[in-house]
Amino acid sequence: MIIAIYARVSTSDQSCEMQLHELREYVAKRGWEVFQEYVDTGFSGAAASRPRLDQLLRDARLRKFEAVLVWKLDRWGRSVAHCVRSIQELVSLGIRFLSPTESIDTGADSPMSKFLMHLFAAFA
C-alpha cells in the first residue's frame with residue numbers, strides 16, 4: 001500500500017520527529033511504501049488551511065496514494081467540522097485514513113469503519 005504521512009506541531013520551536021519516527025516504523029512493519037511525508041510546523045490544528053495539509057489533499061484528489069497515516073487525530077485538526085469534511089473527502093476518494101494510536105481506520109475491512117463514518121456523518 002502507498003501511504004501519505006501527515007505530521008503537525010503547533011509552534012516552530014516544537015518538532016515532528018517523534019510522530020514521524022513512530023509512523024515510519026508503523027509503515028515499515030507492514031511493508032508499505034511512503035509516497036511522501038507532509039509536515040506542517042508552527043500551525044494550529046484549528047487552522048483549516050495549512051500548506052502541507054492542503055498539498056496532501058490536492059495529491060489525494062489526484063489519487064497519488066492509497067491511505068493517509070497520522071499519529072493522532074488532533075494532529076490532523078482540532079475542529080470537528082474540518083476533520084469530518086476532510087476525512088469524508090478522503091473516504092469518498094477511496095483513500096483510507098489511519099490513526100494507529102487511536103485505532104482509527106476507515107478501511108472497508110475495518111469492523112469499526114462503518115460505525116466511525118456514521119459518527120462523522122452525524123457530526124457533519
Side-chain angles (χ1 to χ4, degrees):
M1 183 165 12
I2 301 170
I3 304 294
I5 289 177
Y6 181 75
R8 179 190 62 79
V9 290
S10 300
T11 63
S12 56
D13 62 334
Q14 296 173 315
S15 170
C16 290
E17 274 313 305
M18 186 270 305
Q19 295 174 49
L20 293 169
H21 175 76
E22 289 192 23
L23 295 172
R24 289 172 189 142
E25 278 188 4
Y26 187 86
V27 168
K29 286 179 183 176
R30 283 151 185 81
W32 295 344
E33 175 187 340
V34 175
F35 168 73
Q36 188 168 330
E37 293 179 356
Y38 301 83
V39 179
D40 279 317
T41 301
F43 288 90
S44 165
S49 181
R50 290 172 252 147
R52 301 302 291 150
L53 177 62
D54 294 346
Q55 183 62 53
L56 182 150
L57 292 171
R58 283 191 296 273
D59 288 346
R61 291 177 193 117
L62 297 171
R63 292 180 175 79
K64 293 186 175 186
F65 44 81
E66 300 168 81
V68 172
L69 184 63
V70 299
W71 185 63
K72 289 181 101 174
L73 190 57
D74 70 351
R75 301 298 83 203
W76 186 253
R78 291 184 194 260
S79 158
V80 172
H82 174 261
C83 283
V84 169
R85 279 192 309 271
S86 58
I87 294 171
Q88 282 181 325
E89 180 179 2
L90 292 174
V91 170
S92 74
L93 293 167
I95 297 172
R96 286 169 67 180
F97 181 87
L98 301 135
S99 175
T101 61
E102 300 162 315
S103 300
I104 295 174
D105 180 352
T106 63
D109 58 343
S110 168
M112 291 298 289
S113 66
K114 283 188 180 181
F115 175 69
L116 181 62
M117 293 318 296
H118 285 307
L119 282 178
F120 283 171
F123 283 114

Taking all heavy atoms of Thr106 and all of Phe97, pick out the closest pair and write down the distance.
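In terms of heavy atoms, the two residues are closest at OG1-N, 2.9 Å.
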Shortest non-hydrogen pair, Leu23 vs Pro100, comes out as CD2-CG, 4.4 Å
Does the side chain of Ser86 come under 3.5 Å of the side chain of Glu89 through a donor N or O and an acceptor N or O?
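No, no side-chain donor-acceptor pair sits under 3.5 Å.
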Going by atom types only, do Arg58 and Gln55 share a side-chain donor-acceptor pair under 3.5 Å?
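Distance-only check passes for Arg58 and Gln55.
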Say you draw a straight line from CG of Leu57 to CG of Leu62; how long is it, rounded to the nearest 0.5 Å?
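Going from the CG atom of Leu57 to the CG atom of Leu62 covers 11.5 Å.
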Kindly compute the distance separating CG (Leu69) from OH (Tyr26), expressed to the nearest 0.5 Å.
6.5 Å
Exam field: side chain [X] to backbone [Y], donor-acceptor pair closer than 3.5 Å:
X	Y	value
Asp40	Arg8	no
Arg61	Leu93	no
Asp105	Ser99	no

N/O donor-acceptor pairs under 3.5 Å from side chains in residues 31-39, not counting sequence neighbours:
{"residue": "Glu37", "atom": "OE1", "partner": "Arg24", "partner atom": "NH2", "Å": "2.9"}
{"residue": "Glu37", "atom": "OE2", "partner": "Arg24", "partner atom": "NE", "Å": "2.7"}
{"residue": "Glu37", "atom": "OE2", "partner": "Arg24", "partner atom": "NH2", "Å": "3.4"}
{"residue": "Tyr38", "atom": "OH", "partner": "Asp59", "partner atom": "OD2", "Å": "2.6"}

Those residues at least two apart in sequence (or on a different chain) that pass side-chain contact (heavy atoms from CB on, under 4.5 Å) with Gln19 are Ala7, Val9, Cys16, Trp71, Arg75
Side chains of Val68 and Leu56: closer than 4.5 Å at any heavy-atom pair?
yes
In one Ile/Leu/Val/Met/Phe/Trp/Tyr side-chain cluster, 4.5 Å: Ile5, Leu73:
no
